[in-house]
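Presented below is the structure to which this report refers.
Note that this is a predicted model, so its numbers are computed, not measured. Every chain is numbered from 1, with letters handed out A, B, ... down the list of sequences.
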Amino acid sequence: MATPTDVTTAAAADDPATGLRAIRALRELADRLEALQVANARDRGWSWQQVADALGVSRQAVHKKHARSRRDR
Amino acid sequence: MFERFTEEARRVVVLAQEEARTARDPSIDGAHLLLGIALTGGPGAEALQGAGVDVVRLRTAIREVGDPGGPLDADALAALGIDLEQVRRTAEAAFGTGAIDDRARERRRRASGHLPFTRASKECLQHGLRQALRRGDRTIDSRHLLLGLLDVGEKRTTAVLDHLAVDRTDLRRRLGESDAA
């Protein structure tokens with residue numbers, strides 16, 4: 001596995017293709033972890049408002065992104 | 001909206017729901033709607049056939065495309081100093097195998113009953129209505145539904161159609177769009 005201290009990797013980080021690829025990977029990972037933790041919070045009885053507060057976004061935004069159906073109040 | 005659906009279009013929706021349930025997916029998305037259209041065998045299916053897409057090729061493509069999110073890019077994350085394996089281990093310790101990799105996690109959460117449409121696939125149906133209105137058609141059939149899928153560019157639909165190398169312009173022409181917008 002590539003090590004972050006590798007000189008070639010560091011040099012390649014100046015290249016926007018590599019940099020943007022890293023952003024994309026990070027975003028994808030963050031999305032998956034978010035889905036996991038939102039489900040976890042909801043399973044434990046957290047309200048959408050509490051989840052939104054923890055994420056620093058609006059209730060509407062988190063509900064729109066994660067609620068599976070209108071029944072998911 | 002559904003009251004404007006032809007018998008055939010309703011069948012598309014019913015079949016899409018069945019496909020989602022059989023695949024144990026958590027919701028009905030564009031891939032299921034595509035299968036529903038192909039399985040119903042109406043004008044939408046004919047247009048797909050003309051573009052070289054039948055049920056068998058669709059099922060194969062859906063299986064091969066898998067989760068459109070794709071596998072996580074370990075190398076790219078390592079360049080940022082993130083050890084994906086460690087993240088994975090921590091997540092799996094807390095939430096079980098496949099915590100960050102596996103769509104099947106979501107499936108186990110849903111017991112039975114009606115499966116919901118994804119937000120995007122609902123948008124596809126609404127765009128189908130829009131297409132019908134734009135063409136002055138009183139009812140919505142499988143051609144409008146297929147146009148709706150093309151208009152919205154829903155994730156799995158796009159992945160599957162790209163995988164099958166479908167010519168979108170040609171397909172739109174077959175669906176009666178004189179100007180491929």
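Hydrophobic clustering (side-chain heavy atoms under 4.5 Å, transitive across Ile, Leu, Val, Met, Phe, Trp, Tyr) groups B:M1 together with B:L145. Clustering ILVMFWY residues whenever any of their side-chain heavy atoms sit less than 4.5 angstrom apart, transitively, puts A:V57 in the very cluster that holds A:W48. Following chains of ILVMFWY side-chain contacts shorter than 4.5 Å, one can reach B:L164 starting from B:L171, so the two form part of one hydrophobic cluster. By the criterion of side-chain heavy atoms lying less than 4.5 angstrom apart, applied directly or through intervening Ile, Leu, Val, Met, Phe, Trp or Tyr residues, A:L26 is not grouped with A:L20; the two fall into different hydrophobic clusters.
Nearest approach of A:L36 to B:A91, heavy atoms of both residues: CD2-CB, 4.2 Å. Residues B:A76 and A:A22 share a closest heavy-atom pair of O-CB, 3.7 Å. When every heavy atom of B:I82 is checked against every heavy atom of A:L29, the shortest pair comes out as CG2-CD2, 4.3 Å. Taking all atoms of both residues into account, the shortest heavy-atom contact from B:D101 to A:R32 is CA-NH1, 3.7 Å.
Taking 4.5 Å as the limit, every side-chain heavy atom of B:D73 sits out of range of all side-chain heavy atoms of A:R24.
Atom CZ of B:R4 sits in a sparse spot, with 12 or fewer heavy atoms from other residues, nucleotides or ligands closer than 6.0 Å.
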